[in-house]
Amino acid sequence: MKKILSFILSLVLLPFLGFAQYDGEFVKPKNGRFLLQNATIVTVTNGTIQNGSILLANGKIQALGQQVDAGDAEVIDCTGLFIYPGLIDGGSRLGLVEVGSLAETQDYAEIGQVTPNMEALVAVNPNSVAIPVTRVSGVTTTLTMPSGGLFPGTAALINLNGYTPDQMYAGFKGVVMNFPSSARRSTWDRRSDDDIKKEFEKAQETLNEIWEKATTYHRLKTAGAALEYYPEMEHLSKVVAGELPLLVEVNAATDILKAIEWIASKEVKAILTGVAEGWRVAEQIAAAKLPVVTGPMLSIPTRQSDRYDAAYTNPGKMAKAGVKVAIRANDAENTRNLPFNAGFAAAYGMGKEEALKAVTIYPAEIFGVADRLGSLEVGKDATLLVSTGDPFETRTQIRHVFIDGYRVPMSNRHIKLYQEFLERSPGLEKN
């Protein structure tokens, strides 16, 4: 019983371990003026600056170039290092789930098929132990998404630093919609073709009925009619009005085409997410001028007849067709693997430059925050990483991470456990 209580107490205290000392510094984010000197600066949008410096102050990039005056800033020598914009993950459940196998730590799904008014931002846990694990890998921002049901809720873009969800909010929200699927759920799906067709048609009919309700609600609200409390339709009416975009989760090629047709018929602002078989219909997606957030790349093909690298080549094929593609890890407990998802995309046809844009400036543009995030430019948020090399390489080490001008600690639960057992005191021998 004592062991159980001790374990529970350790879980309770984990969020507060950041106040302990680590390598001589307080392990908590530090604000101030910083000059990162003598680095190779990969701006993403304006080329690469050799032997450059960046001045960070008041949460912004104040100066950038080869000759930058330090003034009273704390100087950090970055000789031999590289500076990149903070990486942006296009979708995961980070902050909404702590332990995938423990229901009590999950807060990403609500009861019911239509719950668009459920805000992911409200449910985010700023003290999640997965957040520092993620950001020391250079991932500074993620779109945290609810799941389950037809309209599971509203996703929110968050920065991985802050004591409250509002402090973490990065300026974008979108209503998630799981588009009805006409594909088999897996190789174990034993439904007949007729049953699959009937279920799809029924789901499509339900979707259209809900959308008609939302459209009617918006029309009545615009006309000034007295309406009863209906939070689901109130929220969906914002999508109808164009105030919020629709994040349409769809993966099978036939479903993607149906989704494109549906979006066009409703004249709604939409972003396609998932899009596992986008490579099959890349030309149609490009013609519809719909941006895509796809991933993970580290997955198996959707069909047994596909090549082993179908998931790896998917973003590259869509990009070559003219689709604006962002990449997501789609894994709350391993959002830290976003750089490696992008690395696979780069190696399998997307190219290093496009893959880097797919986790920096492209998601920033898709989410409407490119004026603040996604590249290194004067006036943008001081959200960046300092590394020993290409962040897509597994051998690369991330030396520093800054989010909104805060120098965040390069420490997490994994690192603390590693150091604890690396230098044991007392040692293995009993005194």
What residues, two or more places apart in sequence or in another chain, satisfy side-chain contact (heavy atoms from CB on, under 4.5 Å) together with [X]?
{"X": "Lys60", "result": "Gln62, Asp381"}
{"X": "Ala286", "result": "Val323"}
{"X": "Pro132", "result": "Arg135, Asn412"}
{"X": "Asn125", "result": "Glu98, Asn127, Ser128"}

When you check the side-chain N and O atoms of [X] and [Y], is any donor under 3.5 Å from an acceptor?
{"X": "Ser147", "Y": "Arg93", "value": "yes"}
{"X": "Thr141", "Y": "Asn159", "value": "yes"}
{"X": "Ser387", "Y": "Thr396", "value": "no"}
{"X": "Glu377", "Y": "Thr45", "value": "yes"}

Open item on the list: As a quick check of understanding, evaluate side-chain hydrogen bond (donor to acceptor under 3.5 Å, both in side chains) for Thr383 and Thr140, giving each step before the final call.
Closed with: CA-CA 7 Å; Thr383 300; Thr140 58; 5.6 Å; no

TODO: Decide side chain to side chain contact (heavy atoms under 4.5 Å, CB included) for Thr394 and Phe340; before the verdict, give the C-alpha distance in whole Å, the side-chain angles of both, and the deciding distance to 0.1 Å.
DONE: CA-CA 7 Å; Thr394 54; Phe340 309 134; 3.7 Å; yes

Kindly say whether [Y] contributes a backbone atom to a donor-acceptor pair with the side chain of [X] at under 3.5 angstrom?
{"X": "Thr164", "Y": "Gln167", "value": "yes"}
{"X": "Ser92", "Y": "Ala329", "value": "no"}
{"X": "Ser181", "Y": "Val250", "value": "no"}

- [ ] Only counting residues at least two apart or in another chain, list the ones meeting ring pair (Phe, Tyr, Trp, His ring centres under 6.0 Å) with Phe172.
- [x] Phe367

Open item on the list: Please enumerate all residues that pass ring pair (Phe, Tyr, Trp, His ring centres under 6.0 Å) together with Tyr312, with sequence neighbours excluded.
Closed with: Phe344, Tyr348

Task: Side-chain touch Tyr84/Leu356, heavy atoms, less than 4.5 angstrom - done: yes

Task: Exceeds 12 heavy-atom contacts within 6.0 angstrom, atom NZ of Lys258 - done: yes

TODO: Can you establish whether the number of heavy atoms outside Ile300 located under 6.0 Å from its atom CD1 is more than 12?
DONE: no

Open item on the list: Glu354: which residues meet the salt bridge (charged side-chain N to carboxylate O under 4.0 Å, His left out) condition with it, sequence neighbours left out?
Closed with: none

Open item on the list: Taking salt bridge (charged side-chain N to carboxylate O under 4.0 Å, His left out) as the definition, give me every residue that meets it alongside Glu119, ordered by chain and number, with sequence neighbours left out.
Closed with: Lys173

Task: Test side chain to side chain contact (heavy atoms under 4.5 Å, CB included) applied to Leu272 and Asn251, Ile263, Leu247, the passing residue - done: Ile263

TODO: Check each of Val292, Asp255, Val248 against Val275 using the side chain to side chain contact (heavy atoms under 4.5 Å, CB included) test, and report the only one that passes.
DONE: Val292

Open item on the list: Using side chain to side chain contact (heavy atoms under 4.5 Å, CB included), reason through Leu290 and Ile271 one step at a time and then give a plain yes or no.
Closed with: CA-CA 6 Å; Leu290 289 170; Ile271 300 166; over 6 Å; no

Open item on the list: Closer than 4.0 angstrom, basic N to acidic O: yes or no for Glu353 and Lys357?
Closed with: yes

- [ ] Let me see the working for Leu143 and Asp89 under side chain to side chain contact (heavy atoms under 4.5 Å, CB included), right down to the final yes or no.
- [x] CA-CA 6 Å; Leu143 182 71; Asp89 177 74; 5.8 Å; no

Task: For Glu365, all residues meeting side chain to side chain donor-acceptor pair (under 3.5 Å), sequence neighbours excluded - done: Lys324

Task: From CA spacing to verdict: side chain to side chain contact (heavy atoms under 4.5 Å, CB included), Leu236, Phe151 - done: CA-CA 9 Å; Leu236 275 183; Phe151 290 96; 3.8 Å; yes

For residues 46-55, which side-chain N or O atoms pair as donor and acceptor with protein atoms under 3.5 Å away, sequence neighbours left out?
unit_1 : atom_1 : unit_2 : atom_2 : d
Gln50  : OE1    : Thr40  : OG1    : 3.4

Open item on the list: Give me each pair satisfying side-chain hydrogen bond (donor to acceptor under 3.5 Å, both in side chains) with a member in residues 273-282, each pair once, sequence neighbours excluded.
Closed with: Glu249-Thr273, Glu277-Thr302, Glu277-Arg303, Arg280-Asp306

- [ ] Give me the ring orientation class for Tyr230 and Tyr217: parallel if the planes are under 30° apart, tilted from 30 to 60°, perpendicular past 60°.
- [x] perpendicular

Just list the side-chain donor-acceptor pairs under 3.5 Å for residues 30-39, sequence neighbours left out, or say none.
unit_1 : atom_1 : unit_2 : atom_2 : d
Lys30  : NZ     : Glu74  : OE1    : 3.0
Arg33  : NE     : Asp72  : OD1    : 2.8
Asn38  : ND2    : Asp77  : OD1    : 3.3

